[in-house]
Each structure stands twice: as structure tokens, then as C-alpha cells.
**Student:** 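Got a structure here, written out as C-alpha cells. Questions coming.
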Amino acid sequence: MAVGKFLWGVVLAILFLYFLVAFVGNASRSPGVKYNWLGVLLSFSTIGLAIYLVFFRQL
């Protein structure tokens, strides 16, 4: 059971990193849009921490 949960964590972590890079790439190419970068950072950090705690630390 723990191996399956770990593999799901790896898959979700890869998807999370892909979406993070895609968002930053799209945000940097849209000159007219202003982002609250602190909010963006906190949101992505919270999601990343949740993935880490649930799937890798097995909480």
C-alpha cells in the first residue's frame, strides 16, 4: 500500500511541477496582467507541502 501511495505522490509531484513551470512561463509572457506573486507563491507552496506530507511522509 505504501509503495502505491508513494508512486501516486511522484506522479502528482511531476504534474505539480509541470503546472508550476507552465504558469510561470505564461505569466511572464503576458505583459498586461499583474499577479499577486506572494499569493501565487503561497498557493503553490501550500499545494506542494500537502503533496509532500500526504504522499511522501505518509501522514
Side-chain angles (χ1 to χ4, degrees):
M1 178 70 178
V3 174
K5 194 172 186 181
F6 179 79
L7 291 176
W8 272 111
V10 170
V11 169
L12 288 176
I14 290 169
L15 283 172
F16 172 72
L17 290 175
Y18 171 76
F19 286 126
L20 176 66
V21 170
F23 174 79
V24 170
N26 287 336
S28 65
R29 281 184 249 129
S30 58
V33 179
K34 301 291 182 195
Y35 287 98
N36 176 4
W37 286 106
L38 179 61
V40 171
L41 178 67
L42 288 174
S43 297
F44 276 107
S45 297
T46 302
I47 295 167
L49 181 63
I51 290 171
Y52 171 73
L53 289 175
V54 170
F55 291 101
F56 295 108
R57 293 294 298 175
Q58 307 289 320
L59 296 180

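This is a predicted model, so every value here is computed, not measured. The basis for the numbers below is simple: all heavy atoms, side chains too, and nothing from hydrogens, waters or symmetry mates. FYI, the numbering just counts along the sequence from 1.
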**Student:** Identify, with sequence neighbours excluded, every residue that meets side-chain contact (heavy atoms from CB on, under 4.5 Å) alongside Phe44.
**Tutor:**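 Per chain and number, Phe44 pairs via side-chain contact (heavy atoms from CB on, under 4.5 Å) with Phe16, Leu20, Phe23, Val40.
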**Student:** Hydrophobic clustering (ILVMFWY, side-chain heavy atoms < 4.5 Å, transitive) - are Ile14 and Leu53 grouped together?
**Tutor:** yes
**Student:** Considering all heavy atoms of both residues, which atom of Leu12 and which atom of Ile51 are nearest to each other, and what is their separation?
**Tutor:** O-CD1, 4.0 Å
**Student:** Once you round to the nearest 0.5 Å, how far does CG of Asn26 lie from OG of Ser28?
**Tutor:**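 It is 7.5 Å, given to the nearest 0.5 Å.
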**Student:** Same cluster or not: Val54 versus Leu17, using hydrophobic residues (I, L, V, M, F, W, Y) connected whenever any side-chain heavy atoms lie under 4.5 Å apart?
**Tutor:**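 Result: yes, single cluster for both.
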**Student:** When you group the ILVMFWY residues by side-chain heavy-atom contacts below 4.5 Å and let the links chain together, are Val10 and Val21 in the same group?
**Tutor:** no
**Student:** Tracing side-chain links under 4.5 Å among I, L, V, M, F, W and Y, which residues wind up in one group with Leu38?
**Tutor:**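 Besides Leu38, the cluster holds Leu42.
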**Student:** Testing the basics here: between Tyr35 and Ala27, what is the closest heavy-atom pair and its distance to 0.1 Å?
**Tutor:**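 That would be CE1-CB, 3.4 Å.
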**Student:** Using ring centroids (six-membered ring only for Trp), state whether Phe6 and Phe55 fall under 6.0 Å.
**Tutor:** no
